[in-house]
Trainee: 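Before anything else, here's the structure in question.
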Amino acid sequence: MSQVVATTSENEDEESFIDFLECYLSGNEVTGATPSEKVMRDNVIGLTLGAEGTTGITLSWFFWLLSKNNPLIEAKIREEITENLPCQPMKFTLEDLSKLVYLHAALCETLRLFPPVPFQLRKNEETDTLPSGHEIKMNTDVLISMYAIGRMRSVWGEDCYEFKPERWISEDGKIKHVPPQKFFAFNAGPRICPGREIGFNLMKIIAATVIQNYEVQILENQRVIPKIPFLKAIEDACEAILVGFVLAKSLWKLQRYWTGTAKERTQYTSSIEHTEG
Ligand code: HEM
């Protein structure tokens, strides 16, 4: 961590990119004054763990759901992407991403059916009574299942087991507001996931980039079931093939884009400009 901090500080003016660590190091109105190295380390680790597994698992289920039963849904998402996104991969702005309403709805639907954090454990500090009338004594462990809430008829209706992105879209074509107590995948209340919007944008960038260029087909005869604990959410590896080629040669570069330095990201972006030009 010390090394990364030192390198980041040295390269401060090198690029126009600004990442989370740079925000912290420079101290700005969002992050406040630069905190201690220990606080930065803990936050970077927390954010990395919180972001990576959750979005990765959701995308695995998303592609599985699309390829398994839903060619029409996939076609609709592809059409929305073609209509709204510039053709260069990885050059989406937040405004571009906000136009992907149907994709957003399909990701919500995935999170409803397969929340990557499937349950949470809480302990109540004092004896309390639930709205149902059940009394919970002080210091009782309470397990809240996001997985079960997402599949309750009383909450989502008779079609609760169906994958239906439409249920998230209002009549005026926008994403419906569903209170977090109902759509519980990100938790609710003071400990609600602070990375929710980043998570949606990350997933939309990756899903759009893949769908823009590939058709994902899941290989037959696999045992694909949810697995607890969190971070191993699919029992066996779910194998898929990508059909299509437009981006094939860039897939490894895409990965470099996410994991690489700011310099490598710039090289990647200019290599796309060069190719497209
Ligand atoms: C599909 C995406 C995501 C889902 C479903 C998700 C879900 C959750 C849930 C359920 C919690 C509450 C855990 C608890 O209280 O025990 C949580 C907390 C948290 N999430 Fe996310 N998350 C996602 C993406 C992200 C991303 C992208 C980031 C960071 C950029 C992030 C950062 C965090 C952090 C730091 C916490 C702890 C908040 C606290 O303790 O107050 N999450 N997330």
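Quick caveat, the model's predicted, so the values are computed rather than measured. We count ligands from 1, going down the list as the structure has it; atoms in each ligand are counted the same way. Note that the numbering runs from 1 along the sequence shown for the chain.
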Trainee: Which is it for Arg122 and ligand 1 at heavy atoms under 4.0 Å: side chain, backbone, both or neither?
Mentor: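 Within the 4.0 Å criterion, Arg122 contacts ligand 1 through side-chain atoms alone.
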Trainee: Is the positively charged end of Arg151 above the ring of Phe184, judged by distance under 6.0 angstrom from the centroid and angle within 45° of the axis?
Mentor: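 Geometry flag: not set, cation outside 6.0 Å or 45°.
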Trainee: Is Pro115 touching ligand 1 with its side chain, its backbone, both, or neither, if touching means heavy atoms under 4.0 Å apart?
Mentor: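 Looking at Pro115 and ligand 1, no heavy atom falls under 4.0 Å.
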Trainee: For a quick test of reading the model, state the closest non-hydrogen atom pair linking Gln212 to Ile81 and the distance between them.
Mentor: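 It is CG-CG2, 3.9 Å.
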Trainee: Give the atoms of ligand 1, by number and element, whose distance to some non-hydrogen atom of Thr58 is under 4.0 Å.
Mentor: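 Listed by number with element: 1 (C).
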Trainee: Test of understanding: with ring-ring contact (aromatic ring centres under 6.0 Å, His included), list the residues that count as partners of Trp156, not counting sequence neighbours.
Mentor: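 By the ring-ring contact (aromatic ring centres under 6.0 Å, His included) rule, Trp156 matches Trp168.
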Trainee: Is the shortest distance from a heavy atom of Gly46 to ligand 1 less than 4.0 Å?
Mentor: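 Per 4.0 Å heavy-atom rule, Gly46 does not contact ligand 1.
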Trainee: Would you say the ring centers of Phe63 and Tyr214 fall short of 6.0 Å from each other?
Mentor: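 Between Phe63 and Tyr214, the centre distance exceeds or equals 6.0 Å.
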Trainee: Please identify which of these residues, Leu111, Ile206, Ile57, Leu103, meets the side chain to side chain contact (heavy atoms under 4.5 Å, CB included) condition with Phe62.
Mentor: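 Exactly one pass, corresponding to Leu103.
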Trainee: May I ask you to identify the nearest protein heavy atom to atom 29 (C) of ligand 1, giving residue, atom name and distance to one decimal place in Å?
Mentor: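 For atom 29 (C) of ligand 1, the nearest protein heavy atom comes out as Leu47 CD2, 3.4 Å.
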Trainee: Among all protein heavy atoms in this structure, tell me which lies nearest to atom 14 (C) of ligand 1, with the distance rounded to 0.1 Å.
Mentor: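 The closest heavy atom on the protein side is Gln120 NE2, 2.6 Å.
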Trainee: Decide, yes or no, whether a salt bridge links Asp159 with Arg153 under the criterion of side-chain N to carboxylate O below 4.0 Å.
Mentor: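 No.
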Trainee: Between Glu135 and Lys137, does at least one N-O distance fall below 4.0 Å, as a salt bridge requires?
Mentor: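 Yes, this pair counts.
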Trainee: Output, by chain and residue number, all protein N/O/S atoms separated from atom 21 (Fe) of ligand 1 by less than 2.8 Å.
Mentor: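 Listed by chain and number, the atoms are Cys193 SG.
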Trainee: Among all the protein's non-hydrogen atoms, which is closest to atom 7 (C) of ligand 1, and how far away is it?
Mentor: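 Checked against all protein heavy atoms, atom 7 (C) of ligand 1 sits closest to Ala185 O, 3.5 Å.
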Trainee: Check whether the side chains of Glu166 and Tyr102 place a donor and an acceptor atom closer than 3.5 Å, and report yes or no.
Mentor: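 A donor-acceptor contact under 3.5 Å links the two side chains.
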Trainee: Check this for me: Lys176, atom NZ, are more than 12 non-hydrogen atoms of other residues, nucleotides or ligands nearer than 6.0 Å?
Mentor: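 Yes, because the 6.0 Å sphere around NZ of Lys176 holds more than 12 heavy atoms from other groups.
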Trainee: State, to 0.1 Å, how close Leu121 and Asp141 come at their nearest heavy-atom pair, and which atoms those are.
Mentor: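 Closest heavy-atom pair between Leu121 and Asp141: CD1-CB, 4.2 Å.
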Trainee: Starting from atom 41 (O) of ligand 1, what is the nearest protein heavy atom, named by residue and atom, and what distance separates them?
Mentor: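 Residue, atom and distance for the closest contact: Arg191 NE, 2.7 Å.
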Trainee: Short list, please: which atoms of ligand 1 are under 4.0 Å from a heavy atom of Pro116?
Mentor: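 In order of numbering, the contacting atoms are 5 (C).
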